[in-house]
Amino acid sequence: MEAFTTHTGRAVPLRRSDVDTDQIIPSEWLKRIERTGFGAGLFSEWRADPAFVLNSPAHAGATILLAGPDFGTGSSREHAVWALQDYGFKAVISARFADIFRGNALGNGLLAVTLPAATVEALTSQVEADPGVEITVDLAAREVRAPGLVAAFDIDDFTRWRLLEGLDDVGLTLRHQDAVAAFEATRPGWLPTTVPATAGVSEKH
Amino acid sequence: MGRTLARKVWDAHVVRRADNEPDLLYIDLHLVHEVTSPQAFEALRLAGRPVRRPDLTIATEDHNVPTVDTLLPIADPVSAAQVEALRKNCADFGVRLHPMNDPGQGIVHVVGPQLGLTQPGMTIVCGDSHTSTHGAFGALAFGIGTSQVEHVLATQTLPQRPPRTMAVTVEGALPAGVTAKDLILAIIARIGTGGGQGYVIEYRGEAVRSLSMEGRMTVCNMSIEAGARAGMIAPDEVTFAHLRGRPHAPAGAAWDEAVAYWRTLATDDDATFDREVVIDAAELSPFVTWGTNPGQGAPLAARVPDPAGYADPALRASAERALAYMALTPGTPLRDIAVDTVFIGSCTNGRIEDLRAAAEVLRGRRVADGVRVLVVPGSMVVKADAEAEGLDEVFRAAGAQWRSAGCSMCLGMNPDTLRPGERSASTSNRNFEGRQGPGGRTHLVSPAVAAATAVTGRLTTPADL
Ligand code: SF4
């Protein structure tokens, strides 16, 4: 995973609440078995409308998404995060994220920043008035900065450290294999395994 | 200080706890399907890592599979490649797979409980948000992304922060004709799509206790639609009776030992929740969604709401957008909304009891002219059970299509989709824009309402017939 320390860029204002992951990347795109190339599918239904904000030349090359509340609801598809990153986004700012989306984003180095609704509104208005405005998302300082605005955001120490270092969770957990093995030795014997009891499947009807 | 059900299950699975770090949680069961796993297996392959516990992992093909002509090769080459990738990955990594046409195949959240692999007190994950379904057994079950799928495959653990807990208590008995689906739709409309964000919801109260396991699964399934990570219901005699004798349930002395443990899981009387919501069951009636998120719902007897009535500008804008997409006019009685498609199935309502409820309404009746009705069992076992009871004949005689098992029109990754502008009454869980096909419009309903709607061609409750 690429490390994230601080990022400065222009933003796209997406004035919609409850943007579900089906909209971020429609299910047709989920059939791919690769991890790359999802940018073309980002918001593909909405992008069919020339008036959709992402189509506006004024926002071309923007790297920060300013979203309405409850961003990333619905399906657990990590493809939504891959699509945002593949398109070029480095950070998403919203008043509230769906849990799974936020976890997926932070796991991939896409910074999901939660700010109070009034702050997101202020940033959105500013970008709508002047698409050239630059916003800085500073993970090291835990703050978002824009002209005339400095807003602190919360992120736990562990996640912040992992992002700053660009470390992936699997590697970190594999350091604790002994603890995992010790735990496994204490699991009750009646817990199920998926190994079939008999050949074929006989079900209770 | 007492502990909640969620906390007890959590505490029993902590492998490692350290200051300022998430807990490392052991995962008892990992469910896998073709859509969210290929990139995870590929990452293992690249790193040269094995699946740590293939014996705690099980896979099924569900999202892409066609529900007709299942003996033919999958026509869509991209879907076929994804299914083929799952087969290769399961073979290479030693994971049990129920492929298309296998008698054990079905939607991942129907397969786990049906095999008895879903048990109280377990931690269960899957690269699918409706993993919350399994919480109906008193398991802590939640959806994860593909990177986390890779993490669980490699380590059988997940780093997680303890969730906050919310109690949703439904007091009193559900009125006649009100089902588990109506209950959960009403709960989501009440707390909103973000109302459960950051919480594990425990459903409690008389109305919840009196639900069957199928009904409890319907309720827990849609917890994610309220934004919650998971939904749980404390295990009781209904749970134990449902589990007993299933292929992977404990037997003999192990059964007694397990039941004794499961009885300790209920939330202690002196435990506190971070948030509590109380709902009066007597106020509930058949419920339907009118908008494009599951929180935009109303009693079927109501009218399409007027966005102007919303004080919150964000809610108003969202309702305006939803009505434009749904092509609905404020003030229209919901009963006047005509549909061209009815979908009965999905991990929310594709179990045997759901099919029985729909068949009960359709028995001796005919589907309205011009209405396409798809009945898609949640698994091949549900299909076989339904056929043994003659339900397939009831559906066919009424003019509905009886299909093979899979996710089907719940998300339209297979050929079962709405065409642009088509409108469905659907027993699935998401009414998002284009969820059932680009430009399609979805009204979420219970199986009984879906069947009654099939008969009249308009949103209808069985009592209206
Ligand atoms: S039935 Fe629908 S919600 Fe359930 S697993 Fe399949 S696609 Fe997801």
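A note on names: the letters A, B, ... follow the listed sequences, proteins ahead of strands, and every chain is numbered from 1.
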Chemist: With no hydrogens and no angle check, just 3.5 Å: does a side-chain donor-acceptor pair link B:Thr36 and A:Glu78?
Modeler: no
Chemist: Given a strict heavy-atom distance threshold of 4.5 Å, which part of A:Ala181 is in contact with chain B: side chain, backbone, both, or neither?
Modeler: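 For A:Ala181, the contact with chain B is made by backbone and side chain together.
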Chemist: Below 4.5 Å, heavy-atom pairs only: which of B:Leu117, B:Ile352, B:Thr417, B:Ile224 has the largest tally toward chain A?
Modeler: B:Leu117
Chemist: Any idea which of B:Ile144, B:Thr292, B:Val152 has the most non-hydrogen atom pairs under 4.5 angstrom with chain A?
Modeler: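 Highest number of pairs under 4.5 Å: B:Ile144.
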Chemist: Mind ranking A:Ser75, A:Ala179, A:Gly189 by heavy-atom pairs under 4.5 Å with chain B and telling me who comes out on top?
Modeler: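 If we count pairs closer than 4.5 Å to chain B, A:Ser75 comes out on top.
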Chemist: Do you know which of A:Arg102, A:Glu45, A:Arg96 has the most heavy-atom pairs under 4.5 Å to chain B?
Modeler: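 Greatest number of close heavy-atom pairs with chain B: A:Arg96.
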Chemist: Fit a plane to each ring of A:Phe183 and B:His13, take the angle between them on a 0 to 90° scale, and name the class: parallel (under 30°), tilted (30 to 60°) or perpendicular (over 60°).
Modeler: tilted
Chemist: Does atom CD of B:Glu21 have more than 12 heavy-atom neighbours from other groups under 6.0 Å away?
Modeler: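 Yes - once you tally the heavy atoms of other residues, nucleotides and ligands closer than 6.0 Å, there are more than 12.
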Chemist: Any salt bridge between A:Arg77 and B:Asp128, counting N to O under 4.0 Å?
Modeler: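 No, A:Arg77 and B:Asp128 are not salt-bridged.
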Chemist: Does any heavy atom of chain B fall under 4.5 Å from the side chain of A:Asp18, the backbone, both, or neither of them?
Modeler: side chain
Chemist: Heavy-atom distances under 4.5 Å only: say whether B:Ala12 touches chain A with side chain, backbone, both or neither.
Modeler: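 Interface part for B:Ala12: backbone (N, CA, C, O).
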Chemist: Under a plain distance cut-off of 3.5 Å, with no hydrogens placed, do B:Glu225 and B:Asn429 share a side-chain donor-acceptor pair?
Modeler: no
Chemist: Output the option from B:Pro38, B:Ala81, B:Ser129 having the highest count of non-hydrogen pairs under 4.5 Å with chain A.
Modeler: B:Ser129
Chemist: Please classify the contact between B:Ala85 and chain A as side chain, backbone, both or neither, with a heavy-atom cut-off of under 4.5 Å.
Modeler: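 For B:Ala85, the side chain is the part near chain A, not the backbone.
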Chemist: Pick from A:Val81, A:Leu174, A:Leu191: which one has the most heavy-atom pairs with chain B under 4.5 Å?
Modeler: A:Leu174
Chemist: Which residue in the set B:Thr123, B:Leu56, B:Val15 passes side chain to side chain contact (heavy atoms under 4.5 Å, CB included) when paired with B:Ile27?
Modeler: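 So, applying the side chain to side chain contact (heavy atoms under 4.5 Å, CB included) to B:Ile27 and each of B:Thr123, B:Leu56, B:Val15, only B:Thr123 qualifies.
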Chemist: Can you tell me which of B:Thr131, B:Thr193, B:Thr146 forms the most heavy-atom pairs within a distance under 4.5 Å of chain A?
Modeler: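 Winner by heavy-atom pair count: B:Thr146.
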Chemist: Please flag which part of B:Asn64 lies under 4.5 Å from any non-hydrogen atom of chain A: side chain, backbone, both or neither.
Modeler: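 The answer is the side chain of B:Asn64.
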Chemist: Relative to chain A, which segment of B:Gln197 carries a heavy atom at a distance below 4.5 Å: side chain, backbone, both, or neither?
Modeler: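 Contact with chain A is through both the backbone and side chain of B:Gln197.
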Chemist: Measuring heavy-atom distances to chain A, does B:Thr57 have an atom under 4.5 Å in its side chain, in its backbone, in both, or in neither?
Modeler: backbone
Chemist: When you compare the side chains of A:Asp168 and B:His151, does any donor N or O come within less than 3.5 Å of an acceptor on the partner?
Modeler: no
Chemist: On the 0 to 90° scale, with breaks at 30° and 60°, tag the A:Trp82-A:Phe38 ring pair as parallel, tilted or perpendicular.
Modeler: tilted
Chemist: What part of A:Trp46 lies closer than 4.5 angstrom to a heavy atom of chain B: side chain, backbone, both or neither?
Modeler: side chain
Chemist: Under a 4.5 Å heavy-atom cutoff, which of A:Asp70, A:Thr21, A:Val180 has the most pairs with chain B?
Modeler: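 The option with the most such pairs is A:Val180.
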Chemist: Below 4.5 Å from any heavy atom of chain B, which atoms of A:Phe97 appear? Answer side chain, backbone, both or neither.
Modeler: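 Contact with chain B: backbone only.
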Chemist: Where on B:Tyr261 is there a heavy atom nearer than 4.5 Å to chain A: the side chain, the backbone, both, or neither?
Modeler: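 Contact with chain A is through the side chain of B:Tyr261 alone.
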Chemist: Given salt bridge (Lys or Arg N to Asp or Glu O under 4.0 Å), test B:Arg16 with B:Asp23 step by step and report yes or no.
Modeler: CA-CA 6 Å; B:Arg16 179 178 176 275; B:Asp23 287 348; over 6 Å; no
Chemist: Without hydrogens or angle criteria, can the side chains of B:Thr60 and B:Glu34 be said to hold a donor-acceptor pair below 3.5 Å?
Modeler: no
Chemist: Measuring heavy-atom distances to chain B, does A:Trp161 have an atom under 4.5 Å in its side chain, in its backbone, in both, or in neither?
Modeler: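 Interface part for A:Trp161: neither.
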Chemist: Between B:Asn293, B:Val78, B:Val382, which residue shows the highest count of heavy-atom pairs closer than 4.5 Å to chain A?
Modeler: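 Maximum pair count with chain A is reached by B:Val78.
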Chemist: Show the nearest heavy-atom pair for residues A:Gln85 and A:Asn108, with the distance to one decimal.
Modeler: NE2-O, 2.8 Å
Chemist: Non-hydrogen atoms of chain A under 4.5 Å away: do they reach the side chain of B:Thr157, the backbone, both or neither?
Modeler: side chain
Chemist: Quick one: closest heavy-atom pair of B:Arg430 and B:Arg435, and the distance?
Modeler: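 Scanning both residues completely, I find the closest heavy atoms to be O-CG, 3.5 Å.
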Chemist: Is it the backbone or the side chain of A:Arg16 that comes under 4.5 Å from a heavy atom of chain B, or both, or neither?
Modeler: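 Only the side chain of A:Arg16 comes within 4.5 Å of chain B.
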Chemist: Among the options B:Gly194, B:Pro250, B:Ala254, pick out the one with the most heavy-atom pairs lying under 4.5 Å from chain A.
Modeler: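 The candidate making the most pairs under 4.5 Å is B:Gly194.
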Chemist: List the atom of A:Ala122, the atom of A:Leu149, and the distance in Å for their closest heavy-atom pair.
Modeler: CB-CD1, 4.0 Å
Chemist: Tell me, out of A:Arg32, A:Glu34, A:Glu184, A:His79, who's got the most heavy-atom pairs with chain B below 4.5 Å.
Modeler: A:Glu184
Chemist: Given a strict heavy-atom distance threshold of 4.5 Å, which part of B:Pro54 is in contact with chain A: side chain, backbone, both, or neither?
Modeler: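 Just its backbone gets close to chain A.
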Chemist: On a heavy-atom basis, which atom in A:Val120 and which in A:Ser94 lie closest, and how many Å separate them?
Modeler: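 Looking at all heavy atoms of both residues, the shortest contact is CG2-C, 3.9 Å.
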Chemist: Work out which heavy atom in A:Ala60 is nearest to a heavy atom in A:Arg10; give both atom names and the distance.
Modeler: O-NH2, 2.7 Å
Chemist: Looking at A:Asp157, A:Leu30, A:Asn104, which makes the most heavy-atom pairs under 4.5 Å with chain B?
Modeler: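 Most heavy-atom pairs under 4.5 Å with chain B: A:Leu30.
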